[in-house]
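Below is one structure, written out as C-alpha cells; comments come after it.
Start at 1 and go down the list; that is how both ligands and their atoms are numbered. The analysis underlying the following values was restricted to heavy atoms, covering all of them including side chains, and did not include hydrogens, waters or symmetry mates.
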Amino acid sequence: NEIKIFSPATVANVACGFDVLGFCLDSVGDEMVIRKIEQKGIFISHIEGFDLPYKAALNVAGVSALAMYEAIDVDFGFEIEIYKNIKPGSGIGSSAASAVGSVFGMNELIGRPFNKTQLTEFAIKGEALASKCEHADNLAPALFGGFTLVKSVAPLKILNIPSPEDLYATIIHPQIEIKTSESRAILPSNIPLSQAIEQWANLGSLVHGLHTNDYELISDSLNDVVIEPYRSQLIPEFNAVKEAALTAGALGVGISGSGPSIFSLSKGQSTADNIKVAMQNVYSKTDIDFDIHVSKIN
Ligand code: HSE
C-alpha cells in the first residue's frame with residue numbers, strides 16, 4: 001500500500017534543443033514515499049530538504065497528483081512524503097522530479113492504468129506551477145530515462161532517443177537560484193531566421209550523432225546560438241567554466257535547463273572526472289559555493 005521511489009534529476013535543452021531535448025541523470029534525485037490512505041484526496045504529510053508548501057494545490061508534486069486523482073475514480077486517497085535532494089532553482093529539473101514522482105508512485109499503487117506519456121500529461125500541470133509554462137523537456141527524461149525529445153506538447157508526443165554507451169555528463173551547480181519563470185522572461189519572443197537555421201541544423205545533427213554513436217558529430221552540434229547569449233549572463237564565470245571543461249576534453253558544454261547549473265557531455269568516465277576537476281578549479285578561485293556531479297547517461 002506504499003511505494004518508495006527515486007525521482008531523478010534531468011538536464012533540459014542540452015544546448016540546441018530548447019524546450020524539447022533532455023536527458024536523465026542517474027546519480028542525483030529526490031526520494032518520495034507515496035501511500036494509499038482511507039481519507040479521500042491528496043495530502044502531503046512530510047517534506048525534508050527544502051522549505052516547500054504542504055498544501056497540495058500549491059505544491060508541484062501535489063498539483064500533478066491532483067490532476068491524476070481527478071482522472072481516476074477511487075474511494076481512497078494518497079499521502080505523499082517528499083525527501084528533496086534537488087535544490088529548487090538549480091537547473092536540473094527539481095520541479096520535474098517532484099511532479100513526476102507523485103504520479104509515477106500513484107500509478108504503481110493502482111496497477112499502472114496509465115502509460116508514461118499519460119503520466120507526463122499529469123506532471124505537466126505540476127511543472128507549470130513552477131515555471132508558469134507547460135513544457136515537458138525535464139519531465140520526459142525523468143519518466144522515460146536516457147535522452148528524450150518532446151515532439152509536441154499538445155498533443156503530447158515523446159520520443160526516446162538512443163545514446164552512446166559511454167556518454168557521461170558532468171554538472172556543476174553554483175549555489176545561486178535562478179527561477180525558470182524569470183530566466184524565460186529575459187528571452188526574446190522572435191529570433192532571426194539565420195539563428196533558427198543554425199539551431200535546428202545543430203539539433204538535427206545532435207540527434208543523428210546520438211543515434212549513430214558519432215562523438216565527433218555530437219561535439220560539433222552541442223552549440224546554442226539562441227538562448228545561451230541571454231542566460232549565460234546570469235551565471236557567474238560561465239565562459240571560464242565552459243572553456244575549462246572543453247580544454248579538459250568535454251564534447252560540449254551548455255546551460256542545464258534554465259540555469260545556473262552548467263553541464264558538459266564527454267566520452268568515458270575518466271574524461272568526465274577530469275572535467276569535474278577543471279570545473280571545480282574555476283569556482284574554487286572565487287567565493288561561489290557549488291556542488292558537482294558526474295553521471296552516466298542511460
Ligand atoms: N526548457 C526549460 C527552459 C527548462 O529552459 O526554460 C527549464 O525547466
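Counting only distance, with no hydrogens or angles, the side chain of Lys84 and the backbone of Gly29 share no donor-acceptor pair below 3.5 Å. A donor-acceptor pair under 3.5 Å is formed between the side chain of Asn13 and the backbone N or O of Gly257. For Thr286 (side chain) and Ile288 (main-chain N/O), a donor-acceptor pair under 3.5 Å exists by modelled atom type.
Counting heavy atoms closer than 4.0 Å to ligand 1, residue Asp19 contributes atoms from both its backbone and its side chain. The proximity of Ile227 to ligand 1, defined as any non-hydrogen pair under 4.0 Å, does not occur for either the backbone or the side chain.
Near Thr180, meaning under 4.0 Å from one of its heavy atoms, ligand 1 places the atoms 6 (O), 7 (C), 8 (O). Remark: ligand 1 atoms within the under-4.0 Å shell around heavy atoms of Arg231 are 3 (C), 5 (O), 6 (O). Close approach of ligand 1 to Asn13 (heavy-atom distance below 4.0 Å) involves ligand atoms 1 (N), 2 (C), 3 (C), 5 (O). Interface of Phe18 with ligand 1, defined as ligand atoms under 4.0 Å from a residue heavy atom, comprises 3 (C), 5 (O), 6 (O). Close approach to Asn138 involves these atoms of ligand 1, each under 4.0 Å from a residue heavy atom: 4 (C), 7 (C), 8 (O). Taking a cut-off of under 4.0 Å to the non-hydrogen atoms of Asp137, the atoms of ligand 1 that pass are 1 (N), 2 (C), 4 (C).
The aromatic rings of Phe114 and Phe122 stand perpendicular to each other, their planes meeting at an angle above 60°, with 30° marking the opposite boundary. Note on ring orientation: taking the six-membered ring where Trp is involved, the planes of Phe263 and Phe23 are perpendicular (angle over 60°, cut-offs 30° and 60°).
Here the heavy atom of the protein found nearest to atom 4 (C) of ligand 1 is His135 CE1, 3.5 Å. Here the heavy atom of the protein found nearest to atom 3 (C) of ligand 1 is Arg184 NH1, 3.2 Å.
We find the CG-OG distance between Leu52 and Ser95 to be 10.5 Å, quoted to the nearest 0.5 Å. We find the CG-CG distance between Leu206 and Leu265 to be 8.0 Å, quoted to the nearest 0.5 Å.
Distances from ligand 1 to the non-hydrogen atoms of Glu127 include no value under 4.0 Å.
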Working for side chain to side chain donor-acceptor pair (under 3.5 Å), residues Gln175 and Asp291: CA-CA 8 Å; Gln175 303 285 306; Asp291 48 41; 3.2 Å; yes
